[in-house]
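All values reported here derive from a predicted model rather than from experimental measurement. Residue numbers start from 1 in every chain, and the chains themselves are labelled A, B, ... in the order their sequence lines are given, proteins ahead of strands.
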Amino acid sequence: MENNNLVHEMPGLYYWLLCKVIPEHQRDFALGDLQEEFHGRSQQNHDQARQWIRTQTFRAVGIWLEMAIKSTGLIQCLVFGFAILSLPIIYLLVIWLSNMDETSPVIWQQLIAGEMHKIIFQSEFWAESLGIPFSARDWHMFVNTESLLWTFLSITLLYLRQHRMTTHQLALVGSLMMFAPYILGLLIIEMLQPAARKIGPLLAFMLFCVFYMAIPLVVLVFRHKQQKMDTESVR
Amino acid sequence: MDSREKYLGEFEHVVLLALIRLNDGAYGAAIRQLLHDQIGRDVAIGALYSTLERMEKKGLVISRLGEATAERGGRPKRYFTVTATGQTALKRARNAMDKMWQGVSVCSVGNV
């Protein structure tokens with residue numbers, strides 16, 4: 001027999017998710033309302049109540065995502081999307097470059113021209129890079145001191161200057177700093193035409209700056225936006 | 001009056017009417033329940049609070065804290081009441097709708 005005095009708590013995972021996505025200033029009342037409704041429904045049918053709270057949680061997550069996309073704007077979304085896409089691609093480029101003995105003439109020409117953005121559209125690249133065994137993938141391949149230094153300096157500078165910028169400006173300036181080594185590398189190769197063996201370190205710098213900066217930049221931009229939203233809601 | 005305050009959105013309109021119907025008992029869960037029972041609209045709690053807070057900023061509603069119960073996990077209720085400005089906005093919206101409906105028959109809508 002159902003004990004009507006027992007308070008039915010909503011499942012922990014949904015509670016945790018709802019706490020994350022409902023804005024702080026609404027959280028207490030909204031969670032209270034959901035808990036009250038969940039309790040009422042659980043007394044009738046616990047399974048349906050669980051299904052109901054799951055739906056409510058997904059809808060809350062949907063609203064949160066929609067608000068995040070609207071409030072962060074196009075540039076921020078592009079930065080986020082680029083970061084998500086670039087990391088696995090650069091990962092594959094690095095292991096491919098580290099293990100490559102020979103490749104097609106077309107890819108080789110693009111490689112010595114530093115045009116990594118063209119290489120990723122070649123089917124041979126994907127076939128070769130995805131075929132590299134895991135035993136040939138060493139984390140040492142992903143350490144590049146110059147790029148780490150560039151990333152550290154760029155992120156520090158952005159962090160220190162962020163209060164003087166809007167989120168849009170921060171995302172824009174951050175993206176420019178992330179891509180500057182790549183663009184600079186392309187220009188150097190184009191103008192100086194260095195020997196093939198000298199291009200390797202330059203390519204590494206071009207790629208790793210993007211690889212290292214993507215995640216810290218996304219975090220910085222989204223935290224900046226969150227701080228701005230919190231400040232505005234307090235006003 | 002500011003021009004953006006002159007017109008209510010459809011959802012704002014419905015929520016204001018719900019608050020008046022619920023009188024002193026208008027808080028999140030009760031409003032959601034009423035909207036579901038009366039017009040079959042299942043509103044996400046986040047969307048409801050966003051609308052209520054927007055209307056509070058416009059001065060259409062005011063809120064006050066209510067009691068916390070065990071069923072709510074010890075969390076307080078937030079009761080909403082329609083202000084005089086809100087009532088004026090509702091009347092204006094109804095007048096506008098009444099005027100626009102004059103001479104319009106639903107059967108003839110497709111022929112207009």
Greatest number of heavy atom pairs closer than 4.5 Å to chain A - which of B:I45, B:T69, B:L65
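When all of B:I45, B:T69, B:L65 are compared, B:I45 has the most.
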Can you tell me which of B:A30, B:G73, B:P76 forms the most heavy-atom pairs within a distance under 4.5 Å of chain A?
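That would be B:P76.
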Heavy-atom proximity to chain B below 4.5 Å, by part of [X]:
X: A:A30; result: both
X: A:Y15; result: side chain
X: A:I63; result: side chain

Check whether the ring centres of A:F125 and A:W96 lie less than 6.0 Å apart, and answer yes or no.
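Distance test on ring centres: under 6.0 Å, yes.
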Side chains of [X] and [Y] only: does a donor on one sit below 3.5 Å from an acceptor on the other?
X: B:E67; Y: B:Y27; answer: no
X: B:E71; Y: A:Q35; answer: no
X: B:E56; Y: B:S63; answer: yes

Look at the aromatic rings of A:F208 and A:Y212 and report parallel, tilted or perpendicular, splitting at 30° and 60°.
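A:F208 vs A:Y212 ring planes: parallel.
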